[in-house]
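Bear in mind the structure is a predicted one, so any value in this text is a computation, not a measurement. Here is how names work: the chains are called A, B, and so on, in the same order as the sequence lines, proteins then strands, and each is numbered from 1.
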There are 2 protein chains.
Amino acid sequence: MSKKLPIEVVHEVRDACLCLATQRAARTLARRFDRAFAPLGLTNGQFSLMMMLNAPQAPTLGRLAQALAMDRTTLTAALKSLERRGLVETRLDEKDRRARRLFLTNAGGDLLAAALPIWRREHAALDAGFSQSEGQRLRKALRTLGAEIQTEGKDVKA
Amino acid sequence: MSKKLPIEVVHEVRDACLCLATQRAARTLARRFDRAFAPLGLTNGQFSLMMMLNAPQAPTLGRLAQALAMDRTTLTAALKSLERRGLVETRLDEKDRRARRLFLTNAGGDLLAAALPIWRREHAALDAGFSQSEGQRLRKALRTLGAEIQTEGKDVKA
DNA sequence: GCAATAAACGTTGATATCAACATAATGACG
DNA sequence: CGTCATTATGTTGATATCAACGTTTATTGC
């Protein structure tokens, strides 16, 4: 016999699950920004990635993956298309030749600059749905949710 | 010449962008729940999907995709592995033979019931990071973010 | 200096995600 | 009862995502 869960449980999970709610929001926002950036041939993830590179100190691959709360290998794959398009470059670190440092090319910087007004417009429209204090609380909560819980279990320490 | 964006802009986007913050949170939470469900061979998405099927009225594919704020075709792909494993069944609707209705099998119901305590435990730990009012505000905000903006532009009406 | 450990990264395989296009069934309307 | 728009879904191709495993370089202990 099957154990059919009572309907209350379904509602409990559906209404309370922060994981589900966040996945839903993430998909919806990704679609929205992907469409906004589409005229430039960029996705929301590529925009965020490149924005992180527009910094005084070029980050290493691992460090950037951490900043994006993304798997290293996902980032490696994402970089391939950006390198192919000449928007991003990678060079080995002088001091530590295990590390790859990531740079925005001139073309990458230009494209990013062109994408900025699109982001501002789209994000202003999105932000309009929240009061200032709501927005701040939301950002804080998302930061908490996006913070890595524990470093353990990465590749297993066994 | 390249237009290098000033560092303030980087900080603005990094600190303010709800899309980036949500993607980060979504990735972190997905990893967390995927690992929790791993002993049962389930992912967080499969758990959410199956929970939605544990309802009095079996939803159609399109309706479920909408409820999950997910592309139809993503859902089709996700269903394949669940069908292969005998956890989910699909039948054509009697009245409208275009529509596919999705059902949980007995095995699926049992596995879902086994996953529930894992969800409760994991989610309680997660929820402990928020006060009750914070949690409610967060859920409300995520619902807003996850709501489809406009139906237009789905497959383009051109 | 050399062996053992750790750190940074790459590769592979499986699934997830969505846009664009294609197919089949329904409904409306003449 | 056909035609035409609409609706529900399938298919394909490109990229995203992560775990598990392997490789190279640093670092630490002796």
* Separation of atom CG in B:Leu64 from atom P in D:dT9, rounded to whole Å -> 10 Å
* Asked: Do the rings of A:Phe37 and A:Phe33 sit parallel, tilted or perpendicular, given the 30° and 60° boundaries?
  -> tilted
* Rounded interatomic separation in angstrom, taking CG from B:Leu75 and P from D:dT11 -> 14 Å
* For atom CZ of B:Arg98 and atom C1' of D:dT6, their distance in whole Å -> 8 Å
* Asked: Would you call B:Arg91 and B:Glu89 a salt bridge, using N to O less than 4.0 angstrom?
  -> yes
* Does A:Arg97 make a side-chain N or O approach to OP1 or OP2 of D:dT24 shorter than 4.0 Å? -> no
* To do: Could you pick out which residue, A:Arg63 or A:Ala26, lies toward the 5' side of DNA chain C when each is mapped onto its nearest nucleotide?
  => A:Arg63
* Rounded to whole angstrom units, what separation is found between the NZ atom of B:Lys95 and the C1' atom of D:dT7? -> 18 Å
* Structure fact -> Taken to the nearest whole Å, CZ/B:Phe33 to C1'/D:dC18 is 17 Å
* Asked: With no hydrogens and no angle check, is any side-chain donor or acceptor of B:Arg27 less than 3.5 Å from a backbone partner on A:Gly146?
  -> no
* Structure fact -> In this structure, CG of A:Leu79 is separated from CG of A:Leu61 (nearest 0.5 Å) by 6.0 Å
* In whole Å, what is the span from the CZ atom of A:Arg72 to the P atom of D:dT23? -> 15 Å
Using a cut-off of under 3.5 Å, enumerate the N/O to N/O pairs linking the protein to nucleotides 14-17 of chain C.
| from | atom 1 | to | atom 2 | distance (Å) |
| --- | --- | --- | --- | --- |
| C:dT17 | OP1 | A:Arg27 | NH1 | 3.2 |

* Shortest non-hydrogen separation from A:Ile7 to B:Pro56 and the atoms involved -> CD1-CD, 3.5 Å
* What is the distance, rounded to the nearest whole Å, between atom CG of A:Leu92 and atom P of D:dT24? -> 14 Å
* Structure fact -> Regarding the side chain of B:Arg35, the nearest nucleotide among D:dT6, D:dA19, D:dT24 is D:dA19
* Quick one: pull up CG in A:Leu68 and OG1 in A:Thr74 and give me the separation to the nearest 0.5 Å. => 10.5 Å
